[in-house]
2 protein chains.
Amino acid sequence: MARWQPDAPGRLAAAALDLFEERGYENTTVIEIAERAGLTKSTFFRYFPDKREVLFGGGTVAGLVVEGIASAPPTTGPLDAAADALDALGRTFFTADRREFSGRRQAVLDANPELREREALKRIDITAAMVEALTLRGAPSLTARAVAALAALAWEVAYDQWIEAGNSEGFGPLARRALADVLAAGAVR
Amino acid sequence: MARWQPDAPGRLAAAALDLFEERGYENTTVIEIAERAGLTKSTFFRYFPDKREVLFGGGTVAGLVVEGIASAPPTTGPLDAAADALDALGRTFFTADRREFSGRRQAVLDANPELREREALKRIDITAAMVEALTLRGAPSLTARAVAALAALAWEVAYDQWIEAGNSEGFGPLARRALADVLAAGAVR
DNA sequence: AGGGTCCATGAGACCAAGTCCCATCACCGG
DNA sequence: CCGGTGATGGGACTTGGTCTCATGGACCCT
């Protein structure tokens with residue numbers, strides 16, 4: 001048996017998700033996660049800064065959104081740039097093959113306060129990244145913040161729908177529609 | 001010397017804020033906080049579920065907002081109900097005498113990831129509470145969510161302005177104006 | 001005044017998360 | 001066959017957080 005099986009972080013994440021589903025997050029120790037992945041505590045903390053982060057893998061999402069916003073044509077308004085970014089996210093990250101995993105992961109997140117807390121932080125950070133990307137396109141500060149907040153809400157709505165079983169639609173279209181709906185709802189007066 | 005000086009939680013919070021300012025959150029141990037307050041680790045964890053929570057006192061804020069939304073006249077629309085709630089918050093919680101403390105506290109929060117994370121969770125929870133309160137008034141789900149998101153943003157904007165030195169305006173007026181500005185900014189199209 | 005009861009606090013054992021330092025061993029090139 | 005490099009293991013150590021039991025003030029009641 002080779003000592004170095006490939007993709008240690010991936011094995012750790014998979015083992016963690018399994019164990020969290022079986023016994024719950026709180027009743028699972030980092031040592032147990034590492035053991036199931038055929039590794040040790042040392043190696044776990046070499047790849048993840050803490051226990052929670054094992055379910056938040058790359059953190060590439062923020063980068064993708066920023067990239068999506070930045071790569072929209074310069075004449076595109078902030079709202080459409082955000083919509084394009086969400087759409088791009090559906091093409092590059094929230095792909096069909098990731099749907100089942102995302103659903104399992106989300107169920108675990110929802111069940112634990114500590115994990116919800118980390119999720120909340122990620123959301124704030126991503127929103128801040130969107131604000132910065134929009135500001136870089138010339139959007140006024142408040143506009144950027146309002147658009148980012150609404151886009152984050154649309155993201156959340158679309159993500160929930162995407163995860164639901166029986167819904168075969170892709171994340172991109174769901175997000176576009178969610179953003180339009182959120183805008184309509186936010187324009188009440 | 002009386003063994004039981006009054007307001008143990010308050011003394012702990014004050015000691016914690018002092019120490020966090022002096023040495024930073026990470027370099028301060030719970031035992032040190034307790035010692036400065038003339039107490040022990042045991043007592044600390046009797047009043048606060050964890051080290052972070054010492055800066056998030058009552059958690060009464062969510063209750064106040066919910067109450068503010070619920071107590072608006074039934075014919076008031078969701079947006080105005082939210083505005084009223086923010087205004088009420090300015091009268092009952094973000095009062096002038098709390099401004100200096102809030103500023104110090106916020107500086108500490110901003111300086112530490114762990115504390116920012118807890119803050120993010122609080123924000124999410126408060127937003128969820130607003131959504132529920134608005135839904136109870138009969139607002140459609142998406143409307144409630146959009147309004148809550150924008151109100152939370154306005155809250156953040158107003159809070160930053162309120163904390164800034166030299167700004168003698170109350171939180172309530174600042175929040176009302178911020179909400180109007182955010183709405184105008186979010187209506188871009 | 002004296003005794004008993006309640007309740008906030010103290011004391012300390014215990015576990016798991018997270019940090020750190022160094023040893024080890026597979027792989028790869030020479 | 002040998003030495004270097006880089007991923008992994010091992011284990012000591014600190015701190016957050018839980019739990020259980022002991023302690024001793026304050027207050028009441030007679």
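So that the names make sense, note that chain A is the first sequence line, chain B the second, and so on, each numbered from 1. Note: hydrogens, waters and symmetry copies are ignored here, and every other heavy atom, side chains too, is used.
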*Determine, stepwise, if the pair A:Thr143 / A:Leu134 fulfils side chain to side chain contact (heavy atoms under 4.5 Å, CB included).*
CA-CA 9 Å; A:Thr143 303; A:Leu134 290 169; over 6 Å; no
*Can you check side chain to side chain contact (heavy atoms under 4.5 Å, CB included) on A:Ile126 and A:Trp155, steps first, answer last?*
CA-CA 11 Å; A:Ile126 289 173; A:Trp155 178 333; 3.6 Å; yes
*Interface residues of residues 28-44 of chain B with DNA chain D (non-hydrogen, below 4.0 angstrom)*: B:Thr28, B:Thr29, B:Val30, B:Lys41
_If you take any heavy atom closer than 4.0 Å to DNA chain D, which residues from residues 13-25 of chain B end up in contact?_
none
*Quick one: are the ring centres of B:Phe171 and B:Phe93 less than 6.0 Å apart?*
no
*What residues, two or more places apart in sequence or in another chain, satisfy ring pair (Phe, Tyr, Trp, His ring centres under 6.0 Å) together with A:Phe48?*
A:Phe44
*Between A:Arg145 and B:Glu156, does at least one N-O distance fall below 4.0 Å, as a salt bridge requires?*
yes
*If every non-hydrogen atom of A:Lys51 is compared with every non-hydrogen atom of A:Phe45, which pair is closest and at what distance?*
N-CE2, 4.4 Å
*Separation of A:Gln5 atom CD from D:dG6 atom P, in whole Å?*
22 Å
*If you measure from the Lys or Arg side-chain nitrogens to the Asp or Glu carboxylate oxygens, is any gap between B:Glu119 and B:Arg52 under 4.0 Å?*
no
*Return the angle between end axes of the helix from C:dA1-D:dT30 to C:dG30-D:dC1, with five pairs used per end and rounding to 10°.*
0°
*Between CZ on residue B:Phe56 and CG on residue B:Leu121, distance to nearest 0.5 Å*: 9.0 Å
Using a 3.5 Å cut-off and no angle test, enumerate the donor-acceptor pairs between side-chain atoms of residues 57-68 of chain A and protein atoms at least two apart in sequence or in another chain.
none

*Does A:Arg105 use its side chain to pair, donor to acceptor, with the backbone of A:Leu55 at less than 3.5 Å?*
yes
*Identify, residue by residue, the members of residues 48-55 of chain A with a heavy atom below 4.0 Å from DNA chain C, and return them in order of residue number, or none.*
A:Pro49, A:Asp50, A:Lys51
*asked:* Without decimals, in angstroms, what is the distance between B:Tyr47 OH and D:dG16 C1'?
replied: 20 Å
*In one Ile/Leu/Val/Met/Phe/Trp/Tyr side-chain cluster, 4.5 Å: B:Ile124, A:Val157*: no
*asked:* I'd like to know if A:Arg46 reaches the base of D:dG6 with its side chain, counting only an N/O donor and acceptor under 3.5 Å.
replied: no
*With the threshold set at 4.0 Å, does a side-chain nitrogen-carboxylate oxygen contact exist between B:Arg176 and B:Asp84?*
yes
*Rounding to a whole Å, what distance do you find between A:Glu114:CD and C:dA16:P?*
14 Å
*asked:* Rounding to an integer number of Å, can you tell me how far A:Phe45 CZ sits from C:dC21 C1'?
replied: 16 Å
*Provide the closest heavy-atom pair for A:Ile163 versus A:Gly103 in the form atom of the first, atom of the second, distance.*
CG2-CA, 3.8 Å
